[in-house]
Engineer: 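Dropping a structure here in structure tokens format, bear with me for questions.
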Amino acid sequence: MMDKLRGLEQRYEVLEAQLSAPETYGDPALVARLNREQRELEPVVGAWRALEGRRRDLAEAEALMGDPDMKDLAREEFAQAKEDVERLELELKLLLLPRDPNDGKNVIVEIRAGVGGEEAALFAHSLHRMYTMYAERRGWTVEVTSLSETELGGVKELSMVIEGEGAYSRLKFESGVHRVQRVPETESGGRIHTSTATVAVLPEVDEVEFELNPADIEMQVFRSSGAGGQHVNKTSSAVRLIHKPTGTVVECQQERSQFQNRDKAMQILRARLYDEQVQAQAEEVTAQRRSQVGSGMRNERIRTYNFPQGRVTDHRIGLTLYKIEAVMDGGLDEVIDGLVTADQAERLRRSEEH
């Protein structure tokens, strides 16, 4: 681990030098890429440098404990430095865990009313408000892309895009069934109703940039021919391209030149492969949505919002907060921090097992 950390520190120093070099300024794309990499390395390098500093302090304090005049002060400094070293070592282990490649992405949040009729739709509206207010607190932007409402202002279905630094890393744990227990505004007898809404959080799909590898393409040439076998062109100007990894075949014989036919065929091949990749991504997102949302039944809940008792309970980590109004007004950080910590602890446990 030490060698890896030293390597990351050296890479950070290289990035600093590149970003301060005058020749870098003229390439905005390069500057953005270098800045992004530097931001990703900054927490690790900062923790590593702090750890090295406290280890030196620890060694100095230990050496001073043999001095009668300094031993009390040295013992106190030794205890504090030892505590800091242990904390920083754990922090570095967590920082070095493999990152979710989607963590930096914007998210698509889909909310649907589940069990409970109109009250479920009103609760779905409350969740939309909660996530919107949370996004505003973090400086993110929210855009509703589709909305189906009830006559009373509830939400049957809603889809919104939330854009901002680390949006997916914070919101990905919100996927699942949310349960509410409260007295509906439409209830005259004061009875508590239980309803649900489902939430799906999906990383925004990147624009596909498809680059064809020439080694993957086999080109065949043949003579163009018209209906009934009549030769349109007596030279071998028609082109057939075969994409070997997928077996996709494209032919073009409309142009007189082999080069023109090849260019057209390449355009068509690229378009077809692009479309296949987009479809595959769409199917993956659909599968992810199904796995996150479930059927919306009450027993699949991840969190309960109990208004009469003023509590919010996240069942995955056993966290209960008696501050429901604050949570519904976007105060989600305490819940999300708990989920992030639990996720890190589980990933750390798995990494140490292997």
Side-chain angles (χ1 to χ4, degrees), residues 36 39-40 42-44 46-47 50 87-88 90-111 123-144 155 158-182 196-204 292-293 301-307 309-349:
R36 185 167 58 249
R39 279 199 307 273
E40 288 175 359
E42 205 156 15
V44 179
R87 175 181 56 80
L88 287 163
L90 176 59
E91 185 179 330
L92 275 168
K93 283 182 183 177
L94 293 172
L95 287 168
L96 290 173
L97 286 172
R99 292 181 72 248
D100 184 333
N102 292 320
D103 273 354
K105 291 184 177 180
N106 301 324
V107 296
I108 299 163
V109 178
E110 296 178 336
I111 304 172
F123 177 50
H125 177 273
S126 299
L127 291 177
H128 168 229
R129 176 180 175 274
M130 178 181 77
Y131 291 127
T132 300
M133 294 181 78
Y134 180 64
E136 288 172 354
R137 288 182 180 211
R138 298 194 70 91
W140 300 337
T141 61
V142 179
E143 180 189 1
V144 175
V155 168
L158 176 143
S159 179
M160 58 183 172
V161 177
I162 299 180
E163 297 183 353
E165 186 72 30
Y168 185 75
S169 70
R170 299 294 291 174
L171 291 173
K172 63 184 176 183
F173 302 106
E174 295 303 296
S175 292
V177 177
H178 296 242
R179 180 177 73 166
V180 65
Q181 295 171 325
R182 65 184 176 185
T196 66
T198 60
V199 176
V201 179
L202 308 167
E204 192 175 48
Q292 289 179 351
V293 171
R301 66 191 183 278
I302 62 165
R303 191 177 299 150
T304 295
Y305 305 75
N306 186 300
F307 279 81
Q309 296 178 17
R311 65 175 169 84
V312 176
T313 299
D314 195 287
H315 304 289
R316 294 163 294 181
I317 55 174
L319 174 68
T320 295
L321 301 175
Y322 288 90
K323 47 174 75 174
I324 195 164
E325 296 299 334
V327 170
M328 298 309 293
D329 285 342
L332 278 168
D333 272 331
E334 194 170 347
V335 181
I336 291 174
D337 286 345
L339 290 161
V340 169
T341 300
D343 176 65
Q344 288 176 334
E346 175 59 21
R347 290 192 295 131
L348 186 59
R349 182 187 66 77

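When reading the values below, keep in mind they use all heavy atoms of this one structure, side chains included, and skip hydrogens, waters and symmetry mates. In this chain, residues are counted from 1 in sequence order.
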Engineer: Contact between Thr313 and Tyr305 at the side-chain level, heavy atoms closer than 4.5 Å - yes or no?
Structural biologist: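 The answer is no; the side chains never approach within 4.5 Å.
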Engineer: Judged by modelled atom types alone, do Thr320 and Arg311 share a side-chain donor-acceptor pair under 3.5 Å?
Structural biologist: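 No, no side-chain donor-acceptor contact under 3.5 Å.
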Engineer: What is the minimum heavy-atom distance between Arg137 and Gly331, and which atoms define it?
Structural biologist: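 Reported closest heavy-atom pair: NH1-CA, 3.4 Å.
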Engineer: Got a sec, which residues hit ring-ring contact (aromatic ring centres under 6.0 Å, His included) with Tyr134, two or more places apart in sequence or on another chain?
Structural biologist: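 In terms of ring-ring contact (aromatic ring centres under 6.0 Å, His included), with neighbours along the sequence ignored, Tyr134 is linked to Trp140.
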Engineer: So, the side chain of Ser175 versus the backbone of Val201: is there a donor-acceptor pair under 3.5 Å, distance only?
Structural biologist: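 At least one qualifying donor-acceptor pair exists.
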Engineer: Quick one: do Arg301 and Asp314 satisfy salt bridge (Lys or Arg N to Asp or Glu O under 4.0 Å)? Show the steps, please.
Structural biologist: CA-CA 9 Å; Arg301 66 191 183 278; Asp314 195 287; over 6 Å; no
Engineer: Is the closest side-chain donor-acceptor distance between Gln309 and Tyr322 under 3.5 Å?
Structural biologist: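 There is no such pair (donor and acceptor under 3.5 Å, judged by atom type) between the side chains of Gln309 and Tyr322.
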Engineer: Any donor and acceptor pair, going by atom type alone, linking the side chain of Arg129 with main-chain N or O of Met328 inside 3.5 Å?
Structural biologist: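 It does hold such a pair.
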Engineer: Can you check salt bridge (Lys or Arg N to Asp or Glu O under 4.0 Å) on Arg170 and Asp333, steps first, answer last?
Structural biologist: CA-CA 9 Å; Arg170 299 294 291 174; Asp333 272 331; 2.8 Å; yes
Engineer: Using a 3.5 Å distance criterion without hydrogens, assess whether the side chain of Asp329 forms a donor-acceptor pair with backbone atoms of Met130.
Structural biologist: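 Answer holds: no.
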Engineer: With a 4.0 Å cut-off on N to O distance, would you call Arg349 and Glu346 a salt bridge?
Structural biologist: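 Salt bridge between Arg349 and Glu346, a charged N being under 4.0 Å from a carboxylate O: yes.
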Engineer: Check the surroundings of atom NE2 in His128: do more than 12 heavy atoms from other residues, nucleotides or ligands lie under 6.0 Å from it?
Structural biologist: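 Enclosed: over 12 neighbouring heavy atoms sit under 6.0 Å from NE2 of His128.
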Engineer: Rounded to the nearest 0.5 Å, what separation is found between the NE2 atom of His178 and the OG atom of Ser126?
Structural biologist: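 His178 NE2 to Ser126 OG: 12.5 Å, rounded to 0.5 Å.
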Engineer: Just verifying a value: how many Å separate Met160 CE and Thr141 OG1, rounded to the nearest 0.5 Å?
Structural biologist: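 Result: 11.5 Å between the selected atoms.
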Engineer: Quick one: do Val199 and Leu127 satisfy side chain to side chain contact (heavy atoms under 4.5 Å, CB included)? Show the steps, please.
Structural biologist: CA-CA 9 Å; Val199 176; Leu127 291 177; 4.0 Å; yes
Engineer: Quick one: does Val161's side chain get under 4.5 Å of Val142's, heavy atoms only?
Structural biologist: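 The answer is no; the side chains never approach within 4.5 Å.
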Engineer: First locate atom CG of Leu339, then atom CG of Leu319, and finally report the distance between them rounded to the nearest 0.5 Å.
Structural biologist: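 These two atoms lie 7.5 Å from each other.
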Engineer: Tell me, do Ser159 and Ile108 make a side-chain contact under 4.5 Å, heavy atoms counted?
Structural biologist: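 They are in side-chain contact.
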Engineer: From Arg303 CZ over to Asn306 CG, what is the distance, rounded to the nearest 0.5 angstrom?
Structural biologist: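 It is 14.5 Å, given to the nearest 0.5 Å.
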Engineer: Starting at CG of Leu171, measure out to CZ of Arg138 and round the result to the nearest 0.5 Å.
Structural biologist: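 Leu171 atom CG to Arg138 atom CZ measures 8.5 Å (nearest 0.5 Å).
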Engineer: Between the side chains of Asp343 and Arg316, is the shortest nitrogen-to-carboxylate-oxygen separation below 4.0 Å, so that they form an ion pair?
Structural biologist: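 Here Arg316 does not pair with Asp343 in a salt bridge, since their nearest N and O are not under 4.0 Å apart.
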Engineer: Counting C-beta onward and ignoring hydrogens, is there a side-chain heavy-atom pair between Thr196 and Val180 closer than 4.5 Å?
Structural biologist: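 Not touching, per the 4.5 Å side-chain cut-off.
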Engineer: Measure across Gly330 and Met133 and return the closest heavy-atom pair with its distance rounded to 0.1 Å.
Structural biologist: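 Looking at all heavy atoms of both residues, the closest pair is CA-CB, 4.0 Å.
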Engineer: For the OG1 atom of Thr132 and the CD1 atom of Ile162, what is their distance to the nearest 0.5 Å?
Structural biologist: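 The OG1 atom of Thr132 sits 6.5 Å away from the CD1 atom of Ile162.
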Engineer: Can you tell whether the side chains of Arg36 and Glu40 come within less than 4.0 Å, N to carboxylate O?
Structural biologist: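 No.
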Engineer: Please tell me if the side chains of Leu96 and Leu94 come closer than 4.5 Å, counting only heavy atoms from C-beta onward.
Structural biologist: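 No, their side chains stay 4.5 Å or more apart.
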Engineer: Tell me, do Glu110 and Leu202 make a side-chain contact under 4.5 Å, heavy atoms counted?
Structural biologist: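 Heavy-atom side-chain distance check passes, below 4.5 Å.
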Engineer: Can His315 and Thr304 be counted as having a side-chain donor-acceptor contact under 3.5 angstrom?
Structural biologist: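 Distance-only check passes for His315 and Thr304.
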Engineer: Is there side-chain contact between Val109 and Glu174, with heavy atoms separated by less than 4.5 Å?
Structural biologist: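 No. Closest side-chain heavy atoms not under 4.5 Å.
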Engineer: Check whether any side-chain heavy atom of Val327 sits under 4.5 Å from a side-chain heavy atom of Glu334, and report yes or no.
Structural biologist: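 No. Closest side-chain heavy atoms not under 4.5 Å.
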Engineer: Over all heavy atoms of both residues, which pair between Ala167 and Asn106 is shortest? Give the atoms and the distance, please.
Structural biologist: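 Heavy atoms only, the tightest pair is CB-CA, 4.4 Å.
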Engineer: For Ala47 and Leu95, work out which heavy atoms get closest and say how close.
Structural biologist: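 Result for this residue pair: CB-CD1, 4.0 Å.
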